[in-house]
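The structure appears right after this line, and notes come after that.
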Amino acid sequence: MNNLYIPFDENRIKQYQSLGYWTGKTHFDFLIQSCHKYANHIAIVDSNYTISYETLLNLSVNFGEYLKTIGIEKDDFVLLQAPNSADFVIALFGIFYTGAKPIFCMHMHNSYEIYHIAKLASAKGYVRVSLPDENNTAEEIIKNMPAALESLRVIKNFQLGEIYTTLTNQNHTINPVSNNSTSIAFLQLSGGTTGIPKLIPRTHDEYLYSVRESAKIAGLDKSSVQLVAIPISHNFAMSSPGILGALYSGAKIVIARDGSPDTCFELIQQHHVTQVSLVPSLVTLWANSTKLKYYNLSSLRVIQVGGSKLSPTLAEKFTKNFPNMKLQQVYGMAEGLVNYTRLDDDTETITNTQGRPISPHDKIVIINENLQPQPKGDIGEIITKGPYTINGYYNAPEINKKSFTPDGFYRTGDLGFIDSKGNIVVTGRCKEIINRAGEKIIPSELETLLLKHIKIKDVSVVGIPDELLGERIHANIILQQSEKSITLQEVREFLSSQNIDVQKMPDSITIVDAFQYTLVGKIKK
Ligand code: OOB
């Protein structure tokens, strides 16, 4: 394509095609296929409306046609930002229809994040869906950006439900802009070791391969009812097996606005949900909820847990308390590789491991600090290369040098080992990132912002173990000599004045006199 993107090499493309992994279909082809096959089945239920597969296809076409009229063209990057809703799915496929490439922003992203992401990708479009009680619109977010962006020309804000109500009576013929299936389909976001999120270029062929296989591994079929309880644009909710896996299988997707027991238990009972994906902090919240006894959740068959490490104690407690539900651990990353415990694995494997990869062609190696492979069973950094793992971040040559080995393996930054049955056990990590309830926070990003505070001389942001969240965000602060104190509230207000995502706000702070340093002069965290 160009030097912003590192494609798969020709030999691997041919190999994955001849194995039947890559099928030459785009995401819109995929939607057409499913919607024709399951036309009258219910595709999506959210708090506003219920739509069939046929209606989903029509609405996506109508939205795509509308986007073309406002100037969205093939290969444009379009920021997509929507809460958990059917609107997200319609907007997603509407963008695919035009041949443009969505960038999956989190709904909570604010001017700071949107600016940096849009700049890095030279995004042309910005589609945002707002909640009724929200006053942040796309226009408002653009206005509060640190600087103007010339590339960003098509900006459109919708109220929740508006896409559906305006487009529902239109009748366009289905005529999607064709795209090469080996080209970038969209950009996912990643946390990382430095600065703002990195952009993950996923192609049609490789992503859809992971979707189809994930749907099979998770046991989805047309009788399944899947609850979306985590942020919908997250890779886990999207493809592991996520909404795309559900659409591939002809399943019904029930979208929860949030993951709270109150919201989700009601939906599970009402719609006879069979399948849900959760982060460990939600498992804890659900398992300890006093509401549990008031609902009939017996329809649930499979609970997938991933995004951060599920403790074996919690896993064991879960399998004992819910003997009729299958627990499936999911260790994945937006960069590609996803591992699952299989539904028919023994309890020992399901409670103690993070499973094994989707594909027989996923290569996983455990290395030491010198990039040397470790003997089986030894702990080291997990690196990987395979038919649905990226070869480099988008527009990030310097970061790619560190994040990939010279022979093209992605360095996950996670520590772990492979057990005698070939299952991965994640034991920790060597990348600098905070995993707060599955959301990845980059300490250096917060540190850079906090250093701008007049009272702060130096700051070190760390993750502190937390029973519910896994980790919480803590800032150790050295004050300027003239200053005596700073409160958590001051810190949070300062960050909010810079328009950052509220989920990145420190949970606690400590004022310290000095930091300890490592031999190479880095702050000891
Ligand atoms: C998922 O994707 P990301 O990109 O938000 O985060 C990936 C990182 C991994 O490198 C690892 O550090 C952590 O999240 N992680 C886990 C885990 N699942 C993810 N750490 C321990 N145990 C697990 N089960 O989080 C993601 C993407 C697709 C499917 C599932 C999760």
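In each ligand, atom 1 is the first atom listed, and ligand 1 is the first ligand listed.
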Under 4.0 Å, counting heavy atoms only: does Lys431 come that close to any atom of ligand 1? yes

Answer yes if the ring centres of His361 and Tyr21 are under 6.0 angstrom apart, and no otherwise. yes

Count the heavy atoms of every other residue, nucleotide or ligand shown that sit under 6.0 Å from NZ of Lys222, and state whether that count exceeds 12. no

Examine Phe28 together with Phe96 and report whether their ring centres are nearer than 6.0 Å. no

For the 3.5 Å polar cut-off, considering only N or O atoms, please tell me whether Lys440 and ligand 1 meet it. yes

Interatomic distance, CG@Leu337 vs OH@Tyr331, rounded to 0.5 Å, equals 6.5 Å

Look up atom OG1 in Thr353 and atom CG in Asp345, then write down how far apart they are to the nearest 0.5 Å. 6.5 Å

Could you pull out, from Gly306, Gly307, Gly413, the option with a heavy atom nearest to atom 15 (N) of ligand 1? Gly307

Can you tell if the side chain of Phe409 reaches within under 4.5 Å of the side chain of Val365, non-hydrogen atoms only? yes

Within-cut-off N or O pair, Val338 and ligand 1, under 3.5 Å: no

Do Asn235 and ligand 1 have an N or O pair less than 3.5 Å apart? no

Check each atom of ligand 1 against the heavy atoms of Ser240 and keep those under 4.0 Å away; list them by number with element. 28 (C), 29 (C)

Looking at ligand 1, would His234 count as a contact under a 4.0 Å heavy-atom criterion? yes

At the 4.0 Å heavy-atom cut-off, does Ser190 count as touching ligand 1? no

Is any N or O atom of Val330, backbone or side chain, closer than 3.5 Å to an N or O atom of ligand 1? yes

Lys309 atom NZ, over 12 foreign heavy atoms within 6.0 Å: yes

Taking distance alone, with N or O pairs closer than 3.5 Å, would you say Asp414 contacts ligand 1? yes

